[in-house]
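Here is the structure we will look at, set down as structure tokens.
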Amino acid sequence: MQRDLLDALRCPGTHEESWLVAMVLEASGPTLLVAELACPVCGAEFRIDDGVARFTHIAPAPLVTTAISSEPFTSDMVLRLAAQLGVAESQLPVALVGRYAAASNVLASFASAPQLLINSGPLIPGPGVSRIVVADRLPLGVETLAAIAVDAAHATSAFLESAARALRLGGRLVAPADAPVPAGMRELARDATEWVAETTTRASGLVELRRRAPDSVG
């Protein structure tokens with residue numbers, strides 16, 4: 001996982017959004033190989049092992065992360081996906097969930113934005129690509145993604161809502177045609193297999209704490 005992604009990670013627990021405290025145990029340049037992550041609010045602990053951040057034990061029934069389709073993405077399919085995501089250059093990552101992770105290497109030739117692969121199974125990512133394993137929602141902060149594609153295995157209401165929350169204003173979400181479009185998103189296009197929508201409202205994120213001025217005396 002790329003070190004730059006640390007600032008985007010949040011505890012997936014059902015409480016106010018919180019950064020994670022990280023202790024890096026092993027790294028190779030900008031890539032974190034082994035690290036311990038902890039939530040200062042609820043005390044939940046997570047790990048990065050072999051470069052993969054794992055957030056699965058927070059939920060009682062994690063989504064299956066190994067049965068990912070190995071069907072290759074052709075250049076034409078990836079070109080279509082790149083157009084749907086609407087991102088050519090971005091400092092924020094483009095997230096590919098489940099089977100869409102197989103498009104990663106080809107997508108890199110169309111878009112220079114950093115990539116985040118989510119529940120990508122045994123796929124070996126290209127250089128500079130981050131990987132995380134999640135359960136029923138994304139452990140990402142508000143406006144930390146440029147765009148995201150979610151496959152049918154992950155397109156639950158809760159997962160899509162967390163995806164929409166993580167998108168920047170105007171960021172695009174690609175999902176199966178029979179999946180619900182999250183609130184705060186405007187549908188742009190739809191066919192028999194997929195829809196594309198963009199965020200139109202900002203979600204609330206971390207609450208900044210300010211010291212209150214002391215009450216005046218006398």
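The first residue of the sequence shown is numbered 1, and numbering continues consecutively from there. Note that the structure is a prediction, hence the values are computed from the model and not measured.
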Which atom names give the shortest non-hydrogen contact between [X] and [Y], and what distance separates them?
X	Y	answer
Ala149	Leu85	N-CD2, 4.1 Å
Ala103	Leu96	C-CD1, 4.5 Å
Gly126	Asn105	N-OD1, 3.7 Å
Ala164	Thr199	O-CG2, 3.7 Å
Gly121	Arg131	O-NH2, 2.6 Å
Ala44	Phe46	CB-CZ, 3.7 Å

All side-chain hydrogen bond (donor to acceptor under 3.5 Å, both in side chains) counterparts of Thr31, not counting sequence neighbours
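With sequence neighbours excluded, Thr31 shows a side-chain hydrogen bond (donor to acceptor under 3.5 Å, both in side chains) to Gln2, given in chain and number order.
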Looking only at atom types and distance, does a side-chain atom of [X] sit under 3.5 Å from a main-chain N or O of [Y], one as donor and one as acceptor?
X	Y	result
Trp195	Val174	no
Ser90	Leu92	yes
Ser120	Leu117	no
Ser162	Leu138	yes
Arg10	Asp7	yes
Arg172	Leu167	no

Could you tell me which residues satisfy side-chain contact (heavy atoms from CB on, under 4.5 Å) with [X], sequence neighbours excluded, listed by chain and number?
X	value
Ala53	Met1, Ile48, Phe55, Ile132
Pro180	Ser157, Leu160
Ala108	Gln115

Enter the distance from [X]:[atom1] to [Y]:[atom2] here, rounded to the nearest 0.5 Å.
X	Y	atom1	atom2	result
Cys39	Leu9	SG	CG	12.0 Å
Leu33	Leu25	CG	CG	10.5 Å
Arg3	Ser130	CZ	OG	11.5 Å

Is the shortest side-chain heavy-atom distance between [X] and [Y] below 4.5 Å?
X	Y	answer
Val106	Ser75	yes
Asp50	Val34	no
Arg165	Val142	yes
Val78	Phe73	yes
Leu37	Glu45	no
Leu20	Cys11	yes
Leu81	Tyr100	yes
Ser104	Pro125	no

ILVMFWY cluster, [X] and [Y] together (side-chain gap under 4.5 Å):
X	Y	result
Leu6	Leu145	yes
Val196	Leu79	yes
Leu123	Met77	yes

Stepwise, does the side chain to side chain contact (heavy atoms under 4.5 Å, CB included) test hold for Asn119 with Val134?
CA-CA 7 Å; Asn119 292 3; Val134 307; 3.9 Å; yes
Remaining members of hydrophobic cluster (4.5 Å side-chain criterion), Val21
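Traced through the cluster, Val21 reaches no other member.
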Give the table of side-chain donor-acceptor pairs shorter than 3.5 Å for residues 182-191, with sequence neighbours excluded, one pair per line with atom names and distance.
| unit_1 | atom_1 | unit_2 | atom_2 | d |
| --- | --- | --- | --- | --- |
| Arg186 | NH2 | Glu198 | OE2 | 2.3 |
| Glu187 | OE1 | Arg190 | NE | 3.4 |
| Glu187 | OE1 | Arg190 | NH2 | 2.8 |
| Glu187 | OE2 | Arg190 | NE | 3.0 |
| Arg190 | NH1 | Ala177 | O | 2.7 |
| Asp191 | OD1 | Thr193 | N | 2.8 |
| Asp191 | OD1 | Thr193 | OG1 | 3.1 |
| Asp191 | OD1 | Glu194 | N | 2.8 |
| Asp191 | OD2 | Arg80 | NH1 | 3.4 |
| Asp191 | OD2 | Arg80 | NH2 | 2.7 |

Please report the C-alpha distance between Val150 and Arg99 in whole Å, then the side-chain angles of each, then the deciding distance to 0.1 Å, and finally whether the side chain to side chain contact (heavy atoms under 4.5 Å, CB included) criterion is met.
CA-CA 8 Å; Val150 179; Arg99 76 173 189 89; over 6 Å; no
